[in-house]
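Here is how names work: the chains are called A, B, and so on, in the same order as the sequence lines, proteins then strands, and each is numbered from 1.
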2 protein chains.
Amino acid sequence: MNIGEASRASGVSAKMIRYYESIGLIRAPLRTGNNYRVYSTEDVHRLRFIRRARDLGFSMPETEALLALWQDRTRSSADVRAIAVQHVADLEKRIAEMQAMTDTLRHLVHCCSGDDRPDCPILNDLANQRDHHGH
Amino acid sequence: MNIGEASRASGVSAKMIRYYESIGLIRAPLRTGNNYRVYSTEDVHRLRFIRRARDLGFSMPETEALLALWQDRTRSSADVRAIAVQHVADLEKRIAEMQAMTDTLRHLVHCCSGDDRPDCPILNDLANQRDHHGH
DNA sequence: GTAGGGATTGCCATCATGGGAAGGTCAAGG
DNA sequence: CCTTGACCTTCCCATGATGGCAATCCCTAC
């Protein structure tokens, strides 16, 4: 299977497959006589695994760790779980930050008349001298 | 006021102030005889405005638009409101995506025994042939 | 004069991803 | 045999907001 087929089968672009190889996330595949990379179905499974991990928001280092645990038959599920728990915590932190933004903005939007007059509480907030850092 | 003072007064790093100048977000300030940039309190207010907009997650183009509206005394608050509404929608979309990730992950974490055995539903999910695209 | 702190510019790096150029390979069909 | 088209290869460039570093200059204080 060449890189195009592996790409279609895994949902990872050929560009990214080469990139993952360059950073050592996947090992370099064998080459055919014409220097084409050749992939096995196992390689494709690995790529799908990576794709799925990335879709779930895992960072590259986390993905690498998960991949290593996946390959390791003597792993402890506790190690996998720890990575996932940490990632959930990270996601929740980011969600909370963005939620705080939307809460503030929704309030301001609610207070803004949104007509053709220039007065605007949104701009007032942005321009305000208040210490927005204080929280 | 030189760039260091403007930085401390606005909460924007000197590096970023120069960067904002280079991309045209703020205009180039006057220079003293020794080629130092010199800023007015009005410039600092603009920087604080930018800082606040960035803290609320507005993109650079949105920030630019908001800044322009702020300077424009004949603006309609509706224009400001539209940008904010769009941004809230963007944030909510991203929050929903991340929420979907956490929901999936929390479920998997819940199902994972997290002991020293290798069996792990988290890895099973990542390795699964299922079409995770289907939604 | 010298030390220190701040300013200037410019270059490099991030991180995951895409775009594109220049050139090799291969199969099908005239 | 030659062309066309669809692959593949490598290499370079760009993103966006930010930090870091280096060389050089300026000013003030001792």
Practice task
Ignoring hydrogens and angles, state whether a donor on the side chain of Ser77(A) or Asp119(B) is under 3.5 Å from an acceptor on the partner side chain.
Solution key: no
Are any side-chain N or O atoms of [X] and backbone N or O atoms of [Y], one a donor and one an acceptor, separated by less than 3.5 Å?
| X | Y | value |
| --- | --- | --- |
| Ser10(A) | Ala6(A) | yes |
| Arg81(B) | Val109(A) | yes |
| Asp43(B) | Ser40(B) | yes |

Practice task
Treat a base pair as Watson-Crick or G-U wobble with both distances under 3.5 Å, then lay out DNA chain C in dot-bracket form, 5' to 3', with | for cross-strand pairs.
Solution key: ||||||||||||||||||||||||||||||
Rounded to whole angstroms, how far apart are [atom1] on [X] and [atom2] on [N]?
| X | N | atom1 | atom2 | answer |
| --- | --- | --- | --- | --- |
| Asn2(A) | dG24(C) | CG | C1' | 15 Å |
| Asn34(A) | dA27(C) | CG | C1' | 13 Å |
| Tyr39(B) | dA7(C) | OH | C1' | 11 Å |
| Ile3(B) | dC26(D) | CD1 | P | 17 Å |
| Ile17(A) | dC7(D) | CD1 | P | 14 Å |
| Leu47(B) | dA17(D) | CG | P | 16 Å |
| Lys15(A) | dA21(C) | NZ | C1' | 10 Å |
| Leu25(B) | dT18(D) | CG | C1' | 15 Å |

Handout entry: Short side-chain N/O contact from Arg18(B) to OP1 or OP2 of dA17(D), under 4.0 Å
Key = no
Practice task
Determine: side-chain N/O of Asn35(B) to OP1/OP2 of dC25(D), distance under 4.0 Å, yes or no.
Solution key: no
Fill in the blank from the handout: residues 60-75 of chain B vs side chain to side chain donor-acceptor pair (under 3.5 Å), sequence neighbours excluded, gives Ser59(B)-Glu62(B), Asp72(B)-Thr74(B)
Problem - Reported CD-to-CD1 distance for the pair Gln99(A) and Ile95(B), which is rounded to 0.5 angstrom - result: 4.0 Å
Problem - Thr104(A) side, atom OG1; Asp125(A) side, atom CG - distance, nearest 0.5 Å - result: 7.5 Å
Write down the protein N/O and nucleotide N/O pairs, taken from nucleotides 12-16 of chain C, whose separation is under 3.5 Å; answer none if there are no such pairs.
from: dA16(C); atom 1: OP2; to: Tyr19(A); atom 2: OH; distance (Å): 3.2

Problem - More than 12 heavy atoms of other groups within 6.0 Å of Arg27(B) CZ - result: no
Handout entry: Candidate pair Asp90(B) and Arg94(B), rule salt bridge (charged side-chain N to carboxylate O under 4.0 Å, His left out), full reasoning
Key = CA-CA 6 Å; Asp90(B) 292 347; Arg94(B) 285 162 52 198; over 6 Å; no
Practice task
Select base, sugar-phosphate, or nothing to describe what Arg37(A) touches, counting heavy atoms under 4.0 Å on all strands.
Solution key: sugar-phosphate
Handout entry: 5'-most by nearest nucleotide on DNA chain D - Ser13(B) or Tyr36(B)
Key = Ser13(B)
